[in-house]
Visitor: 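Dropping the structure in here first, questions after.
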Amino acid sequence: MQIVRTIAEFKVLRSDWADQNLTVSLVPTMGALHAGHLSLLGPARMADRLVVSIFVNPTQFGPNEDLLHYPRPLEQDLSLLERNGVDAVFLPAASEIYPAGYRTLVAVDELSSRLCGVSRPSHFRGVATVVLKLFNIIQPQWAVFGQKDAQQTVILRRMVQDLNLDVEVIVQPIVREIDGLALSSRNQYLNVAERKAATILFRSLEFAQQALTQGESKTDVLVSGVRQLIGSEPLARLDYAEIVNAADLSPVEQVGDNALLALAVFIGKTRLIDNAFLGRNK
Ligand code: PAF
């Protein structure tokens, strides 16, 4: 497995692969890898060469967020990727991606200001910027992301379409712990009591799915049930619970085809997100 730290070095490798007509897939990550990340490697293996990037992207963190404390278990991540047959890891320094004088950011309008964008107004601009840069540097035919970051996947698909990028975005299902908690690098911030309380996200998704099965399809009724349930957990504080169209994140009044229930909840100081499709999904 090759570890590449600079863009210049990656370009040499990439043109060598191009000379051999090899296809390339990319799994972008911020490291602190878990089974959710490993599940993204499966479809990425369809390419001749599989690249994983590890970069804790400063532009997607707000001023009071966890950039400095974000877990960086690099040795562990690299050995996991090596054991999982990754061909190259792109591991740039922040100054390589954002050199002094860097001034360009990518904004995907409207979609970026909904859901997580309300409490994290600059987050998706940072995500879109770094992912576009990674696409330009690595030039993958396929890029694989996780459904847990549902809004991110909608925004990146929009960016790919709007900017005519030659990359196919593939989205893989959420991977969960046995009690339903969605895997996340931030779960390691939780203490024992918080870890237990964090199942409230999955329980809320299950509650809404069950209510829908029993015939309740009004969004406001379902969301108010979810709010109540989250309110009943003393360690939880709701950021948002919304039911939206999964394709374009627009609000829906009635759950029909392609509805998505998306949640962000603080458990103690840790903000967790989760989501589930409701109804039939296209
Ligand atoms: O999903 C993530 O881990 C990040 O948002 C990504 C796509 C690697 C961009 O920094």
Side-chain angles (χ1 to χ4, degrees), residues 4 7 10 25-41 43-44 50-62 65-74 77-78 80-81 86 88-98 102 104-108 111-112 115-117 119-138 140 142-160 163 165 167-175 182-189 249 262 264 270-275:
V4 183
I7 297 168
F10 198 90
S25 61
L26 168 66
V27 176
T29 81
M30 299 206 300
L33 304 176
H34 49 66
H37 294 108
L38 297 184
S39 77
L40 308 180
L41 302 181
L50 165 51
V51 180
V52 173
S53 59
I54 299 181
F55 180 61
V56 182
N57 175 34
T59 61
Q60 70 186 76
F61 288 79
E65 294 181 357
D66 55 343
L67 174 62
L68 291 178
H69 301 112
Y70 198 83
R72 291 167 170 85
L74 186 58
D77 285 351
L78 292 176
L80 203 58
L81 295 177
V86 168
V89 178
F90 183 54
L91 190 63
S95 57
E96 185 72 9
I97 298 294
Y98 301 112
Y102 187 88
T104 307
L105 294 162
V106 181
V108 181
L111 297 176
S112 299
L115 305 175
C116 289
S119 59
R120 306 187 77 193
S122 56
H123 173 67
F124 292 111
R125 194 180 56 186
V127 171
T129 301
V130 80
V131 171
L132 179 61
K133 285 180 71 88
L134 291 170
F135 285 176
N136 284 335
I137 297 162
I138 289 152
W142 299 280
V144 191
F145 299 86
Q147 171 63 23
K148 187 171 80 67
D149 297 297
Q151 185 173 11
Q152 168 171 284
T153 67
V154 172
I155 288 170
L156 293 177
R157 281 199 156 122
R158 188 73 248 171
M159 177 183 81
V160 163
L163 299 183
L165 304 178
V167 54
E168 184 186 337
V169 169
I170 297 172
V171 178
Q172 283 294 97
I174 297 175
V175 179
L183 296 195
S184 162
S185 306
R186 291 188 167 99
N187 290 351
Q188 56 188 280
Y189 297 151
L249 309 179
T270 305
R271 185 177 177 280
L272 299 177
I273 57 170
D274 203 345
N275 67 83

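One-based numbering, in listed order, for ligands and for the atoms of each. All values below were derived from every heavy atom in this structure, side-chain atoms included, with hydrogens, water molecules and symmetry-related copies excluded.
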Visitor: Mind running side-chain contact (heavy atoms from CB on, under 4.5 Å) on V171 and R157 for me, showing each step along the way?
Guide: CA-CA 10 Å; V171 178; R157 281 199 156 122; 3.7 Å; yes
Visitor: Could you list which atoms of ligand 1 come closer than 4.0 Å to a heavy atom of V130?
Guide: 9 (C), 10 (O)
Visitor: Any idea which protein heavy atom is nearest atom 10 (O) of ligand 1, and the distance to it?
Guide: Q60 OE1, 2.6 Å
Visitor: At a 4.0 Å threshold, what atoms of ligand 1 neighbour a non-hydrogen atom of P28?
Guide: 8 (C)
Visitor: Take F10 and E96 through the test side-chain contact (heavy atoms from CB on, under 4.5 Å) and record every step on the way to the result.
Guide: CA-CA 12 Å; F10 198 90; E96 185 72 9; over 6 Å; no
Visitor: In terms of atom number and element, which parts of ligand 1 are under 4.0 angstrom from non-hydrogen atoms of T29?
Guide: 8 (C)
Visitor: What's the shortest distance from atom 3 (O) of ligand 1 to any protein heavy atom, and which residue and atom give it?
Guide: M30 CG, 3.7 Å
Visitor: Please lay out, stage by stage, how L156 and V108 fare under the test side-chain contact (heavy atoms from CB on, under 4.5 Å).
Guide: CA-CA 8 Å; L156 293 177; V108 181; over 6 Å; no
Visitor: Checking L132 against L165 for the side-chain contact (heavy atoms from CB on, under 4.5 Å) test, could you report, in this order, the C-alpha distance in whole Å, the side-chain angles of both residues, the deciding distance, and whether it holds?
Guide: CA-CA 9 Å; L132 179 61; L165 304 178; 3.6 Å; yes
Visitor: Strictly by modelled atom types, are N57 and Y98 linked by a side-chain donor-acceptor pair under 3.5 Å?
Guide: yes
Visitor: Is Q151 reaching over with its side chain to a backbone N or O of C116, donor-acceptor style, under 3.5 angstrom?
Guide: yes
Visitor: Could you tell me, atom by atom, which parts of ligand 1 come under 4.0 Å of a heavy atom of Q152?
Guide: 1 (O), 2 (C), 4 (C), 5 (O), 7 (C)
Visitor: Hey, which atoms in ligand 1 end up nearer than 4.0 Å to a heavy atom of D149?
Guide: 1 (O)
